[in-house]
Q: 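This structure is in structure tokens; I'll ask about it shortly.
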Amino acid sequence: MAGPTHLSEEAHSLRGAIDRKALITIRDLYAEEEPLATAHLDDYLSPYLLTIELDDGLLDAQSARIDVQWTTHGDYKFHYTDEQNRNFRWGNHPTGGDFPLVDGLAHFHPPPNASSGPSDVENSCIEQVDVYLVTRAVMKLWRVAYHRDTLTFLNAGDNPP
């Protein structure tokens, strides 16, 4: 799979510096609770990105990854991508422009391409802002999609999922 070029292609961006402690918390949660995942920071002392490599992907994908950014302002992105060029992401940050379907900062870019267009962004089912709860919600939503072999429930959890 290609590198995380999608992070710079978005029409909207995160506020604040990357929160190293939050990325380490997310990395450790995946290490403890997701047997299909291996997580690593791009730079341990001054990280920009946490990459979670998955030994299996959703539907027909043989592998996948989730790229994570979390800032000191509590803004975040969890971006799933796989070798089938399937993408989706959960985010909590200003969307910029006119996004009539998004009530606040928390939003979801659905598969297959995680488009940033105003009509393609939905309110996120993840309303929590705590790094631990958000990470657990993302893990659970991904696991439900994985076990049910469908993308239908990626943004359909209760708060928190």
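Throughout, numbering of the chain's residues begins at 1 and tracks the sequence.
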Q: I'd like to check the side chain to side chain contact (heavy atoms under 4.5 Å, CB included) partners of Asp55; sequence neighbours left out, ordered by chain and number.
A: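 Leu36.
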
Q: Arg86: what forms a salt bridge (charged side-chain N to carboxylate O under 4.0 Å, His left out) with it, not counting sequence neighbours?
A: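 Result, salt bridge (charged side-chain N to carboxylate O under 4.0 Å, His left out) vs Arg86: Asp60, Asp82.
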
Q: Is it true that the side chains of Gln69 and Tyr76 contain a donor and an acceptor less than 3.5 Å apart?
A: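 Side chains of Gln69 and Tyr76: no pair found under 3.5 Å.
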
Q: Just list the side-chain donor-acceptor pairs under 3.5 Å for residues 16-23, sequence neighbours left out, or say none.
A:
| residue | atom | partner | partner atom | Å |
| --- | --- | --- | --- | --- |
| Asp19 | OD1 | Lys21 | N | 3.1 |
| Asp19 | OD1 | Ala22 | N | 3.1 |
| Arg20 | NE | Tyr44 | O | 2.7 |
| Arg20 | NH2 | Tyr44 | OH | 3.2 |

Q: Less than 3.5 Å apart, any donor N or O on the side chain of His79 or Asn87 sitting next to an acceptor on the other?
A: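 Indeed, the side chains of His79 and Asn87 share at least one donor-acceptor pair under 3.5 Å.
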
Q: Has the side chain of Glu83 got a donor or acceptor atom that lies under 3.5 Å from a matching backbone atom of Ser63?
A: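 Yes, Glu83 side chain to Ser63 backbone: donor-acceptor pair under 3.5 Å.
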
Q: Can you tell me how far apart NZ (Lys77) and OG1 (Thr71) are? Round to the nearest 0.5 Å.
A: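 Interatomic distance, Lys77 NZ to Thr71 OG1, rounded to 0.5 Å: 10.5 Å.
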
Q: Please determine, by modelled atom types, if Gln62 and Asp56 share a side-chain donor-acceptor pair under 3.5 angstrom.
A: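 No, because no side-chain N or O of Gln62 sits under 3.5 Å from a partner of the opposite role on Asp56.
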
Q: Are His107 and His93 close enough that some pair of their side-chain heavy atoms sits under 4.5 Å apart?
A: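 In contact.
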
Q: Tell me, do Thr25 and Thr135 make a side-chain contact under 4.5 Å, heavy atoms counted?
A: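 Answer no - side chains too far apart.
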
Q: What's the shortest heavy-atom distance between Leu154 and Trp142, and which atoms?
A: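 That would be CD2-CA, 4.5 Å.
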
Q: Rounded at 0.5 Å granularity, tell me how far CG in Leu50 sits from CG in Asp67.
A: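 Output value for this atom pair is 8.5 Å.
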
